J.: 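Structure in structure tokens, see below.
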Amino acid sequence: MANIKLTKNELKTQKDALKMYMRYLPTLTLKKQQLQSEIRTIDEQAREVREQRKKLEAEFQDWISVFGEKEAFKPGMVTVKNIKKGWGNIAGVTIPVYEGAEFGRGDYDLYSTPLWIDMAADRMEKALELDLKAEVLDEQVRLLAMELRTTTQRVNLFEKVKIPEAKRNIKKINVFLGDQQVAGVVRSKISKKKLQVKVEEPVAEVPSKTSRKSTSAKSAKGAKK
């Protein structure tokens, strides 16, 4: 902890800082909770999308195997031409939002390929779209997780460092200023008592000129005798 000035100005500075930390901490804590909730929700969505993708792929393989012509369908027959994304905002974090995609079909001879190729291409597009959705959801989680780490660090900084430190500083300054005030009162009382004692002290009598002459005459008369 850095040295602090034990002054009234520093006391005000520390109190203002504590007030600010106490004001922002609930907001940061609420943001942290919101981010945690949103990350859990999006993670669950991504898992559901991947489960759909696995189920679709399994059905796709079973469906193609029925025709006994797996080699007829090539993965390159369906390609992603363009991905459409929008933007959303969660707890102040800008995140991408999947809005669709455009797919391209490879050139193939309609006469030399099986009739089910077009149906297979449709299913492949659906599978690719699920992959794209999952990727965007993963990106949302990544961005929100980064913000969550930063927010958590700030919450911990306020709760475990800044607020306790400000409270300790305020207590330290208050104790010092209190001691100074008590010492000042004591010094004031001592000074007042000394002054009072000095005023009350008896003043020694100074003999007058007449008394001195009378005393001198008596002394001379005594000497003649």
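Keep in mind the model is a prediction, meaning the values are calculated, not measured. Numbers here are sequence positions counted from 1.
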J.: For a 4.5 angstrom cut-off between non-hydrogen side-chain atoms, does Q33 reach L30?
T.: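 A side-chain contact under 4.5 Å exists here.
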J.: Considering all heavy atoms of both residues, which atom of L6 and which atom of L177 are nearest to each other, and what is their separation?
T.: O-CD2, 4.0 Å
J.: Indicate yes or no: does D16 engage K12 in a salt bridge with an N to O separation below 4.0 Å.
T.: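 Counted as a salt bridge, because a side-chain N and a carboxylate O are separated by less than 4.0 Å.
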J.: More than 12 heavy atoms of other residues, nucleotides or ligands under 6.0 Å from NZ of K133: is that the case?
T.: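 Not more than 12 within 6.0 Å, no.
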J.: Identify the heavy atoms of A166 and L18 that sit nearest to each other, and give their distance.
T.: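 Looks like CB-CB, 4.0 Å.
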J.: Following the transitive rule for hydrophobic clusters with a side-chain heavy-atom cut-off under 4.5 Å over Ile, Leu, Val, Met, Phe, Trp and Tyr, establish whether L128 and V136 coincide in one cluster.
T.: yes
J.: For Y98 and E135: C-alpha separation, side-chain torsions, deciding distance, then whether side-chain hydrogen bond (donor to acceptor under 3.5 Å, both in side chains) applies.
T.: CA-CA 9 Å; Y98 180 76; E135 289 176 5; over 6 Å; no
J.: To the nearest 0.5 Å, tell me how far D43 CG sits from E48 CD.
T.: 11.0 Å
J.: Once ring-ring contact (aromatic ring centres under 6.0 Å, His included) is applied, do any residues pair with F158, and if so which ones, sequence neighbours excluded?
T.: Y21
J.: Run the side-chain contact (heavy atoms from CB on, under 4.5 Å) test on E147 and I95 for me, step by step, so that the C-alpha distance in whole Å, both residues' side-chain angles and the decisive distance to 0.1 Å come before the verdict.
T.: CA-CA 11 Å; E147 186 67 18; I95 58 170; over 6 Å; no
J.: Of all the heavy-atom pairs spanning L35 and L144, show the shortest one and how long it is.
T.: CD2-CD2, 3.8 Å
J.: What distance do I83 atom CD1 and K85 atom NZ have between them, rounded to the nearest 0.5 Å?
T.: 6.0 Å
J.: Which atom names give the shortest non-hydrogen contact between L28 and T151, and what distance separates them?
T.: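 Result for this residue pair: O-CG2, 3.5 Å.
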J.: Is the closest basic N to carboxylate O distance between K54 and E57 below 4.0 Å?
T.: no
J.: R50: what forms a salt bridge (charged side-chain N to carboxylate O under 4.0 Å, His left out) with it, not counting sequence neighbours?
T.: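 Only D138 meet the salt bridge (charged side-chain N to carboxylate O under 4.0 Å, His left out) criterion with R50.
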J.: Mind listing the closest non-hydrogen atom pair of I39 and V141 along with its distance?
T.: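 Shortest heavy-atom contact: CG2-CG1, 4.2 Å.
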J.: Can any side-chain N or O of Q140 pair as donor or acceptor with the backbone N or O of P96 at less than 3.5 Å?
T.: yes
J.: Looking only at atom types and distance, does a side-chain atom of T152 sit under 3.5 Å from a main-chain N or O of L148, one as donor and one as acceptor?
T.: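 A pair under 3.5 Å: yes.
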J.: Test of understanding: clusters of I, L, V, M, F, W, Y form through side-chain heavy atoms closer than 4.5 Å, transitively. Do L11 and F176 belong to the same one?
T.: yes
J.: Determine, stepwise, if the pair K126 / E129 fulfils salt bridge (Lys or Arg N to Asp or Glu O under 4.0 Å).
T.: CA-CA 5 Å; K126 188 174 181 180; E129 187 165 32; over 6 Å; no
J.: Hey, could you give me the OG1/CG distance between T13 and N9, rounded to the nearest 0.5 Å?
T.: 6.5 Å
J.: May I ask whether M20 and V155 are part of the same hydrophobic cluster, defined by side-chain heavy atoms of I, L, V, M, F, W, Y residues being less than 4.5 angstrom apart, directly or through others?
T.: yes
J.: Ignoring hydrogens and angles, tell me if any N or O in the side chain of R53 forms a donor-acceptor pair with the backbone of L130 under 3.5 Å.
T.: no
J.: Starting at CD of E38, measure out to CD1 of I90 and round the result to the nearest 0.5 Å.
T.: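 Result: 4.0 Å between the selected atoms.
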J.: According to a hydrophobic-cluster definition based on side-chain heavy atoms being under 4.5 Å apart (Ile, Leu, Val, Met, Phe, Trp, Tyr only), do L56 and V80 belong together?
T.: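 No, L56 does not connect to V80 through the hydrophobic network.
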J.: Would you say V49 ends up clustered with L143 if hydrophobic residues are merged whenever their side chains have heavy atoms under 4.5 Å apart, either directly or through other cluster members?
T.: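 Yes, one cluster joins them.
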J.: Atom OG1 of T150 and atom NZ of K31: how far apart are they, to the nearest 0.5 Å?
T.: 8.0 Å
J.: Answer yes or no: is there a side-chain heavy-atom contact under 4.5 Å between F103 and T79?
T.: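 No; the side chains remain at least 4.5 Å from each other.
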J.: Considering all heavy atoms of both residues, which atom of M22 and which atom of I163 are nearest to each other, and what is their separation?
T.: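 Between these two residues, the closest heavy atoms are SD-CD1, 3.5 Å.
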J.: Tell me yes or no: between the side chains of Q14 and E10, is some donor less than 3.5 Å from an acceptor?
T.: yes
J.: Could you grab the distance from atom CG of N169 to atom CG of N174, nearest 0.5 Å is fine?
T.: 11.0 Å
